[in-house]
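Let me begin by presenting the structure, written as C-alpha cells, before commenting on it.
Chain letters run A, B, ... following the sequence lines, proteins first and then strands; every chain starts at 1.
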Amino acid sequence: MLLIKEIRERRESIKERLRKRAFRDTDLIDEIINLDDKRRKIKAELDDLLNKTKTRSKEIGDLYKSGKREEAEQKKKEMASLKDEVKALEDEFRKVELRIADTLERIPNLPHESVPPGTTDADNVIVKEGGSMPSLPDDALTHWDLAAKFDLIRFEEGTKITGSGFPVFSGMGARLQRALVNFFLDRALGAGYHEFSPPLLVNKDSAFATGQLPDKDGQMYYINEDDLYLIPTAEVPLTNLYRDKLLKEEDLPQKLVGYTPCFRREAGSYGKDVRGLNRLHQFDKVEIVQIVHPEKSYDVLEKMMAHVESLLMELELPYRILRLCGGDLGFTSALTFDFEVFSAAQKKWLEVSSVSNFESFQANRLKLRFKDRDGKNQLLHTLNGSALAFPRIIAALLENGQTKDGIEMPAALHPYLGFEKIA
RNA sequence: GGAGGAAUGGCGGAGUGGUCGAACGCACCGGUCUUGAAAACCGGAGACCCUUCACGGGGUCCGGGGGUUCGAAUCCCUCUUCCUCCGCCA
C-alpha cells in the first residue's frame, strides 16, 4: 500500500509511474487526496469538540468534589448536545477513512525506474541466458508422455480423485519431487536462510497484508466455514510472520525459506498452456523471503537472483532471466525478474521463479517497521522469490534429460534421488 | 464442544471509575566515572493522527467492536486469542 503522505507530495509523478504499469484508474489518486483533505478537516473539528468534552468533564468532576452539585448538574445537561455532535462527526470521520482505505487498497505498487515499458509479457526484456540447450531427436517425448511411459505422474487418477490440475506423483516421480524438496531447502540453508514449515491456510488479515486481498480474491481457494484461504504461495505465511513487528536494525536482514504446497484456482486459464505440468491447481514450491533495510533491498534482490540462478545451473537446465515490463508486474511488486527454463520437447520456455522487490508496499500493510539509528520507526522492505517451483522444473528435467535408454538426472540430484537415471 | 481465568508500551509486569499515556524492571539513547569496555550513578525516551516555517498546541490508542457514565485501562455486552480443567478425536 502506498503512503498517503507520498501521494500528496508527488501526485503527478505517481500517476505517471502508475501509467507505466498500465494502471488506468489514475483518477483514484486525485480522489484519495480529496478524501484526505476532507478527513483532515473533520479531524480538526472533531479534536476540537473532543477537547471541549474533556475539559467539561474535568470541570464537572471538580464541581462535585467541591460540593457544587447544582452547577455540576447544569453542566451535565450541556454535555448532552456536545456528545451528539461528537457522535455525528465521528461517524462521518469513520466513513471518510473507510473510503480512503478502500481506494488506497486498489492502487498497485509503483514500478521501479528500471522497469521497462510495455503492457504484456511480450514486452518483457531478456536480461540473461544461460545453460546449454539439449539436442533432442525429432521424436522426443513431452513430459506427459514420459510421465506415462515411466509411471511418474498419473494425471487421470488425480482428475478422478480431485479434478484436473491435481496430479498424482508416483514411484520415481514422487521420489524426484521429494529429492527436489531437500535439494532446494539445503541450498537455501547453505545461503543462510532460516527454514520454516508454515500453515497452508491463512486468515483474511494475512492474505490482505501480503497483497493477495483484495487483488487476488477469487484466485485463492476459500474455506467458507472457517473464513480461511489456502495459500497460493508460501510468501503469504512466511512474510506474515513479521506482521505487526517492530524490529531492531541489528536484526536485519531476516532470511526465511519454506517448502509448501501452493493452491491456485487459476480461474480463466484453459487450452494447451495447461497441458501436463505446465499449470496446476496444486503444486509444490520452495520460497525464499527477505526482510531488509530499505537501503539494501536492491542489493539483496541481486543476491536472491544469484541464488536462484545457481540452482538452475546445478540442475543443468537452459534458462533465461526476464525483467518484467510495467504491464506484467504483479500488484505488489516494484521490480520483478522471472526465471524461465526451456522445456525441450514442448519447445517452450516455462516460468519457474519470480523474484521481486516489494519495497515498503507490503511492509506498510504488515505494519512491519524497524527503529533506525535516530530512534525513528521506518518501514522495512520485503522481497521474495521462488527457489524454485517444482512442476515446470520437473517437466524440463524429464524432457531435457531423455535418452534412448531412460531419463538422465543432473549430478546435483543424485545424492538426493538415490538413483541417476529414470528407466 | 462445556466450565473457569487472562489479554497493558520493543519485552516483562503493576494498575479496578477522574489526579493514568499509564508504576517498576529489562532492553534502548545521552552523560559522569574509566586508557577503553563493563559495572555503578545521573538524565532521556511509547505509537499514530491533526495543526505550526519552527517552538509548541490538540486528539486517539491499555486484544478488536459495541455499550453504561459528565468522565472508562478500570464497569457491562460481544468477538478473537491464550492458559487451566472436562469431553471428543488423531
Taking the side chain as every heavy atom from C-beta outward, state whether A/Arg187 and A/Glu314 have any atom pair closer than 4.5 Å.
-> yes

For B/G65, does either OP1 or OP2 sit under 4.0 Å from a side-chain N or O belonging to A/Arg94?
-> no

Which part of the nucleic acid, if any, lies within reach of A/Asn377 when heavy atoms closer than 4.0 Å are counted: base, sugar-phosphate only, or nothing?
-> sugar-phosphate

Watson-Crick or G-U counterpart of B/G87, or none if no pair lies under 3.5 Å = none

Would you mind listing every salt bridge (Lys or Arg N to Asp or Glu O under 4.0 Å) that reaches into residues 163-182 of chain A, with sequence neighbours excluded?
-> none

Taking only N and O in the side chain of A/Asn51, is any of them less than 4.0 Å away from OP1 or OP2 of B/G58?
-> no

Once the angle between the rings of A/Phe331 and A/Phe361 is folded into 0 to 90°, is it parallel (under 30°), tilted (30 to 60°) or perpendicular (over 60°)?
-> perpendicular

Of B/C50, B/U60, B/A27, the nucleotide closest to the side chain of A/Lys248 is B/A27

For B/U32, which nucleotide in any strand shown is its Watson-Crick or wobble partner with both distances under 3.5 Å?
-> B/A40

Do the side-chain N or O atoms of A/Arg40 get closer than 4.0 angstrom to the phosphate oxygens (OP1, OP2) of B/C49?
-> no

Can you list, pair by pair, the side-chain donor-acceptor contacts under 3.5 Å of residues 163-172 of chain A, counting residues two or more places apart and other chains?
from: A/Ser170; atom 1: OG; to: A/Asp151; atom 2: O; distance (Å): 3.3
from: A/Ser170; atom 1: OG; to: A/Asp151; atom 2: OD1; distance (Å): 3.2
from: A/Ser170; atom 1: OG; to: A/Asp151; atom 2: OD2; distance (Å): 3.1

Partners passing side chain to side chain contact (heavy atoms under 4.5 Å, CB included) against A/Arg39 (at least two apart in sequence or in another chain) = A/Asp36, A/Phe93, A/Val96, A/Glu97, A/Ile100

Side-chain donor or acceptor of A/Asp47 under 3.5 Å from a matching atom on the base of B/G58?
-> yes

Mind running a 4.0 Å heavy-atom check of residues 73-91 of chain A against RNA chain B and sending the residues that fall below it, in number order?
-> A/Lys76, A/Met79, A/Lys83, A/Lys87

Hunt down the Watson-Crick or G-U wobble partner of B/A6, both distances under 3.5 Å, from any strand shown, or write none.
-> B/U81

Touch class at under 4.0 angstrom, heavy-atom based, for A/Lys371 against every strand present = sugar-phosphate

Taking side chain as C-beta onward, heavy atoms only, is A/Glu359 less than 4.5 Å from A/His112?
-> yes

Look through every strand shown and name the nucleotide pairing with B/C20 as Watson-Crick or G-U wobble, where both distances are under 3.5 Å.
-> none

Paired with A/Gln362, the side chain to side chain donor-acceptor pair (under 3.5 Å) test is passed by just one of A/Thr210, A/Asn384, A/Thr382, A/Thr239, namely A/Thr382

By side chain to side chain contact (heavy atoms under 4.5 Å, CB included) - contacts of A/Leu200 (at least two apart) | A/Ile231, A/Thr260, A/Pro261, A/Phe263

Does A/Leu335 reach the side chain of A/Val115, with side-chain heavy atoms less than 4.5 Å apart?
-> yes

Identify the nucleotide, in any strand shown, that forms a Watson-Crick or G-U wobble pair with B/U69, with both distances under 3.5 Å; if there is none, say none.
-> none

Taking atom C1' in both B/A14 and B/A73, what distance in whole Å separates the two?
-> 12 Å

List, with names and distances, any nitrogen or oxygen atoms from the protein found under 3.5 Å away from nitrogen or oxygen atoms belonging to nucleotides 18-22 of chain B.
from: B/G18; atom 1: N2; to: A/Ser57; atom 2: O; distance (Å): 2.7

